[in-house]
Amino acid sequence: MAGTKMNLRRYGGGITQNWDEQEIIVDQVYIDSGRGLYIALDYEYAMGTSQLDVYVNGQHLLEGGGYEEVNNTTIRLDLGVYEGDTPLAGQPVQLHVGDEIYIRNWKQSVREGTGSIDELRFKQLEDEVRAARKYKDGDQPYPNLDTRLDSIERRMETKTMVFVLSRVFDGIAKLNMRFPYEGDIMEVYASASSVGADDTSFLIERCTQDSYDTGLPEWDTVTTLIIDANEHSSRTSDRPYSVPVPRIAKDEHFRINVVERGEGIEGVTIELVVKLR
C-alpha cells in the first residue's frame, strides 16, 4: 500500500498479542493512488463487532460516525465536510499529505475468549494512564495523572532566573540578566557551598529596558536576601526577605549587589522564581 510506515510514540504502544496494527503516513503516492477515503486493511476483521480502533491524526474515530465498514478488509473514513464560504463547502473532507492514520485490529482470538474487547480496551487504557504518571521507566510515578499534569503545567507557567557567584566580592556583581517575560516574583532563594563567618547581604536590583539602554540605568531594589553567619542558605535567616513589588515587566534587567559579605563565603547561587502572566 502507498504511504509511509510511521513510528508512533504512545504510552503502552507496540504490537501485543491482542491486536494487529496498521500505521500510515499519507504521502503524495497515496493521494495519487485515487483511493480517496477508502482504507484497505492489512488484516481482516469481522464486521459489526467493534473490532477496530481507528485514529486519524490522533483523533479516535467511531464506527458509524468517523468511519464506516465497507467489507472485511476495507473501511471508509468520514472526516466531516468542509465548512465556510469556500468552493469545497459541503463536500467531504479529504486526506492530505502528512495525515497520520493508525488502526488497531483486535485479533479473532480475543473475540472468542472469555474477555470482551471493551474489557481489554479498558485494561489497555489503565496501562497507558499508569505509564503516563511517570516520564522515564525508572522514575517514581506520581500518585495520579492529574498530579503529573499539574506539575507539567507549573513548570510551563514558571521561569527561574539564576545568578551564580563562584567567588563573592563586595559591591555589584559583573553580571546583568534580562528577563524577557512578564510575570510575578513568587520566591527568592540563595545558597552557599562555603559558609561565611559573618552575615552576607545581597541586594537584588532591577531596571527597565529603556533605562538600561541609556547607559546610566536607574536601579531599584527588588528585595534584600541574607545568608546568616555559618549558614548555607537564606531559608534559615532570622531576617526573611520580602518583595514589595513582585510584578515584573517584560525585558527588565536584574543584577546582584553585595552590600555585606561574611568572610569565607563562596559558591553562591541566587534564584528568582517567576510565575509568568
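These figures come from a predicted structure and were not determined experimentally.
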Any Ile75 side-chain heavy atom under 4.5 Å of Tyr45 side chain: yes
Exam field: side chain Asp32 to backbone Val29, donor-acceptor pair closer than 3.5 Å: no
Min side-chain heavy-atom separation Leu77-Val93 under 4.5 Å: no
Any donor-acceptor pair under 3.5 Å from Gln51 side chain to Trp106 backbone: yes
Result of checking Thr224, Leu225, Asp228 against Arg239 for side-chain contact (heavy atoms from CB on, under 4.5 Å): Asp228
Arg235, CZ atom: more than 12 neighbouring heavy atoms under 6.0 Å: no
Value rounded to 0.5 Å, distance of CG in Asn257 from CZ in Phe202: 10.5 Å
is_close_aromatic(Tyr181, Phe179), centroid dist under 6.0 Å: yes
Asp53 vs Tyr102 side-chain heavy atoms within contact, under 4.5 Å: no
Distance in Å, Ile39 CD1 paired with Ile24 CD1, rounded so as to fall on 0.5 Å steps: 5.5 Å
Spacing of CD belonging to Glu182 relative to NZ belonging to Lys250, to within rounding of 0.5 Å: 10.0 Å
From CG (Asp220) to CD1 (Ile204), nearest 0.5 Å: 14.0 Å
Hphob cluster co-occupancy, Val274 + Val243, side-chain heavy atoms under 4.5 angstrom: yes
Flag if over 12 foreign heavy atoms under 6.0 Å of CD, Glu218: no
ILVMFWY network linking Ile256 to Trp219, side-chain heavy atoms under 4.5 angstrom: no
Least distance between heavy atoms, Tyr38 atom then Tyr30 atom: O-OH, 3.5 Å
For Asp42 against Gln22, the heavy-atom pair lying closest together: N-OE1, 2.8 Å
Gap separating the CD1 atom of Ile101 from the CG atom of Leu61, nearest 0.5 angstrom: 9.5 Å
From CD1 (Ile185) to CZ (Arg247), nearest 0.5 Å: 12.0 Å
Common cluster, Met161/Leu175, ILVMFWY with side-chain heavy-atom separation under 4.5 Å: yes
Side-chain donor/acceptor of Ser193 to backbone N/O of Glu266, under 3.5 Å: yes
Test item: Tyr241 and Glu187 side chains (from C-beta on) under 4.5 Å apart, heavy atoms: yes
side-chain contact (heavy atoms from CB on, under 4.5 Å) between Val245 and Arg206, worked out: CA-CA 11 Å; Val245 184; Arg206 66 180 172 188; 3.4 Å; yes
Hydrophobic cluster identity match, Val26 and Tyr82, side-chain contacts under 4.5 Å: yes
Polar side-chain atom of Thr200 near backbone of Ile227 as donor-acceptor pair, under 3.5 Å: no
Greater than 12 external heavy atoms within 6.0 Å of Met177's CE: yes
Side-chain donor-acceptor contact under 3.5 Å, Asp20 with Asn105: no
Where Gly65 and Asp78 come nearest, the two heavy atoms and their spacing: O-OD2, 3.2 Å
Ala192 backbone acceptor or donor facing His232 side chain under 3.5 Å: yes
Any Leu41 side-chain heavy atom under 4.5 Å of Leu52 side chain: yes
Whether over 12 other heavy atoms sit under 6.0 Å from Glu263 CD: no
Pairwise side-chain contact, Tyr212 with Asn176, heavy-atom cut-off 4.5 Å (strictly under): yes
Side chain proximity check, Gln94 to Leu88, heavy atoms < 4.5 angstrom: no
Heavy-atom donor-acceptor pair, Asn57 side chain to Glu100 backbone, under 3.5 Å: yes
Shortest non-hydrogen separation from Ile226 to Ser237 and the atoms involved: O-CB, 3.4 Å
Nearest non-hydrogen partners of Pro217 and Ser211, listed with the distance: CA-OG, 3.2 Å
ILVMFWY network linking Leu203 to Leu272, side-chain heavy atoms under 4.5 angstrom: no
Closest non-hydrogen atom pair, Pro92 against Leu37: CB-CD1, 4.3 Å
Distance-only polar pair, side chains of Ser33 and Arg35, donor-acceptor under 3.5 Å: yes
Thr158 side chain near Thr160 side chain, heavy-atom distance below 4.5 Å: no
Test: Arg178 and Asp251 ion pair at under 4.0 Å: yes
